[in-house]
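Here is the structure we will look at, set down as structure tokens.
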There are 2 protein chains.
Amino acid sequence: MLQLTKRTEYGLLALVHLAEREGAVVSVREICERYPLPRRTVAEVLKELQHAGLVDSTRGSNGGYTLARTPELLTLGDVVSALEGAPPLTTCESPIVLKGGGCEVQPMCPIKSPIHRVRERLWQMLEHTTLRSLVSKTAHVPLGAPGAVESN
Amino acid sequence: MLQLTKRTEYGLLALVHLAEREGAVVSVREICERYPLPRRTVAEVLKELQHAGLVDSTRGSNGGYTLARTPELLTLGDVVSALEGAPPLTTCESPIVLKGGGCEVQPMCPIKSPIHRVRERLWQMLEHTTLRSLVSKTAHVPLGAPGAVESN
DNA sequence: GCAAACCGCACTCAAAAGGTGCGGATTCAA
DNA sequence: TTGAATCCGCACCTTTTGAGTGCGGTTTGC
Ligand code: SF4
Ligand code: SF4
């Protein structure tokens with residue numbers, strides 16, 4: 001399904017919050033007080049982002065995460081790539097799996113090449129969308145609004 | 001996962017074949033002799049495409065499917081839309097589901113708007129890719145190549 | 001009448017996504 | 001020193017989605 005995973009959304013939200021608090025060490029708890037997200041899963045995602053080198057972690061009592069680069073150098077593509085792998089878009093062209101022998105149609109596939117082209121474009125779009133552009137557009141939203149949601 | 005479903009690929013392959021045999025009534029059997037695909041599932045897909053008005057069906061002994069429009073007017077977007085619904089890209093912005101009450105973050109979501117923008121772009125790409133462009137690029141491939149695949 | 005094709009529903013099976021349990025290590029601060 | 005807060009790592013479970021099939025029916029041409 002042509003859709004981003006929830007994990008990716010969580011990651012983006014977390015990164016946006018990290019960017020807003022530029023430089024500060026931010027705990028998962030704080031992120032989940034800002035947005036009504038499952039704490040544990042967000043932690044999972046942050047861990048993956050740290051593995052991918054997008055954020056740095058500080059352990060201990062006042063620990064948390066910080067951006068590893070400036071928001072200008074952090075793209076949507078980086079996040080997607082870190083959390084979902086490069087977008088294959090088709091079953092073949094996937095650098096990861098290729099299990100089960102791959103697609104039988106491949107040698108005669110007429111749609112492989114055109115779809116590959118679409119994939120490249122999509123990827124370019126993602127890589128040209130920086131975290132900065134996500135933050136700036138919402139820097140003026142009211143922060144104090146009590147959402148009053150109950151999930152976790 | 002940012003990926004097209006196999007059903008969509010099957011649909012595209014079928015449509016390409018229909019386009020190649022312009023106007024002719026083509027049976028599912030013939031498509032599956034051309035490409036090594038699970039016959040039954042392709043039939044399922046064709047049925048969906050017919051429901052969406054992309055192909056016409058003819059019943060009976062010499063029955064099969066034909067394109068409902070010319071390849072120039074049939075876009076990748078039409079196919080994806082028919083088989084997967086419009087690409088939501090995010091959990092919200094999905095015109096179909098919205099079950100479970102939708103996303104709790106929505107009222108304060110900083111990434112909704114930018115991602116929506118990406119989605120629009122993607123959608124435009126898909127809608128500007130016609131079936132014709134898929135066919136023409138492979139009109140010269142050798143058709144008699146015996147792939148020698150065993151599935152189905 | 002028979003065979004070939006589409007029609008329609010519902011059902012199973014497998015994979016992916018989403019989320020959690022639990023114990024451990026690290027740091028800070030009282 | 002003690003304890004609370006935080007990240008760490010692995011494995012596990014549950015829900016959702018995707019892929020494919022069973023089976024009987026209807027339509028059409030020979
Ligand atoms: S070879 Fe063609 S049909 Fe097979 S996975 Fe790639 S694009 Fe899809
Ligand atoms: S509101 Fe934001 S977090 Fe929620 S589904 Fe939409 S984009 Fe994702």
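Every chain is numbered from 1, with letters handed out A, B, ... down the list of sequences.
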**OP:** Tell me yes or no: between the side chains of B:T75 and B:D78, is some donor less than 3.5 Å from an acceptor?
**Re:** yes
**OP:** Please work out which residues in residues 21-30 of chain B have a non-hydrogen atom less than 4.0 Å from an atom of DNA chain C and list them by number.
**Re:** B:S27, B:V28, B:R29
Original post:
Given atom CG of A:L46 and atom C1' of D:dG9, what is their separation to the nearest angstrom?
Top reply: 15 Å
Subject >> d(CZ, B:R40; P, C:dC9) in whole Å >> reply: 13 Å
Original post:
Between A:R39 (CZ) and D:dT6 (P), how many Å, whole number?
Top reply: 8 Å
Original post:
Counting only side-chain N and O atoms of B:Y10, is one of them less than 4.0 Å from OP1 or OP2 of D:dG18?
Top reply: no
Original post:
Expressed in angstrom and rounded to an integer, what is the separation of A:Y65 atom OH from D:dT6 atom P?
Top reply: 12 Å
Subject >> Shortest side-chain distance from A:K6, nucleotide among C:dG18, D:dC7, C:dT20 >> reply: C:dG18
Original post:
Which of these nucleotides, C:dA17, D:dG18, C:dG18, is closest to any side-chain atom of A:R7?
Top reply: C:dG18
**OP:** Compare every heavy atom of A:V28 with every heavy atom of A:R39, then report the nearest pair and how far apart it is.
**Re:** O-CG1, 3.5 Å
Subject >> Non-hydrogen side-chain atoms of B:L134 and B:L15 separated by less than 4.5 Å >> reply: no
**OP:** Check whether more than 12 heavy atoms from other residues, nucleotides or ligands sit under 6.0 Å from atom CZ of B:R69, and answer yes or no.
**Re:** yes
Subject >> Qualifying salt bridge (Lys or Arg N to Asp or Glu O under 4.0 Å) pairs with a residue from residues 51-63 of chain B, counting only residues at least two apart or across chains >> reply: none
**OP:** With rounding to the nearest 0.5 Å, note down the distance linking SG in A:C109 to NE2 in A:H116.
**Re:** 12.0 Å
**OP:** Take the protein atom CD of A:E84 and the nucleotide atom P of C:dA15, then report the distance between them rounded to whole Å.
**Re:** 20 Å
Subject >> Any residue meeting side chain to side chain contact (heavy atoms under 4.5 Å, CB included) with B:S61, in chain and number order, not counting sequence neighbours >> reply: none
Original post:
Does B:E84 reach the main-chain N or O of B:T8 with its side chain, forming a donor-acceptor pair under 3.5 Å?
Top reply: no
**OP:** Take atom CD of A:Q3 and atom P of D:dT16, then tell me their distance rounded to the nearest Å.
**Re:** 14 Å
Original post:
Tell me, which of residues 47-58 of chain A have any heavy atom that sits under 4.0 Å from an atom in DNA chain C?
Top reply: none
**OP:** Give the rounded distance in Å between these two atoms: CG of B:L4 and C1' of D:dA19.
**Re:** 15 Å
Original post:
When rounded to the nearest 0.5 angstrom, what is the spacing between CG in A:L2 and OG in B:S81?
Top reply: 11.5 Å
Please list, for nucleotides 26-30 of chain C, all pairs of protein and nucleotide N/O atoms separated by less than 3.5 Å.
unit_1: C:dT27; atom_1: O2; unit_2: A:S61; atom_2: N; d: 2.9

Subject >> Spacing of A:M1 atom CE and B:L4 atom CG [to the nearest 0.5 Å] >> reply: 12.0 Å
Subject >> Distance in angstrom units between A:M1 CE and C:dA15 P, rounded >> reply: 19 Å
**OP:** Applying side chain to side chain contact (heavy atoms under 4.5 Å, CB included), name anything that partners A:E48, two or more places apart in sequence or on another chain.
**Re:** A:R7, A:E44, A:L83
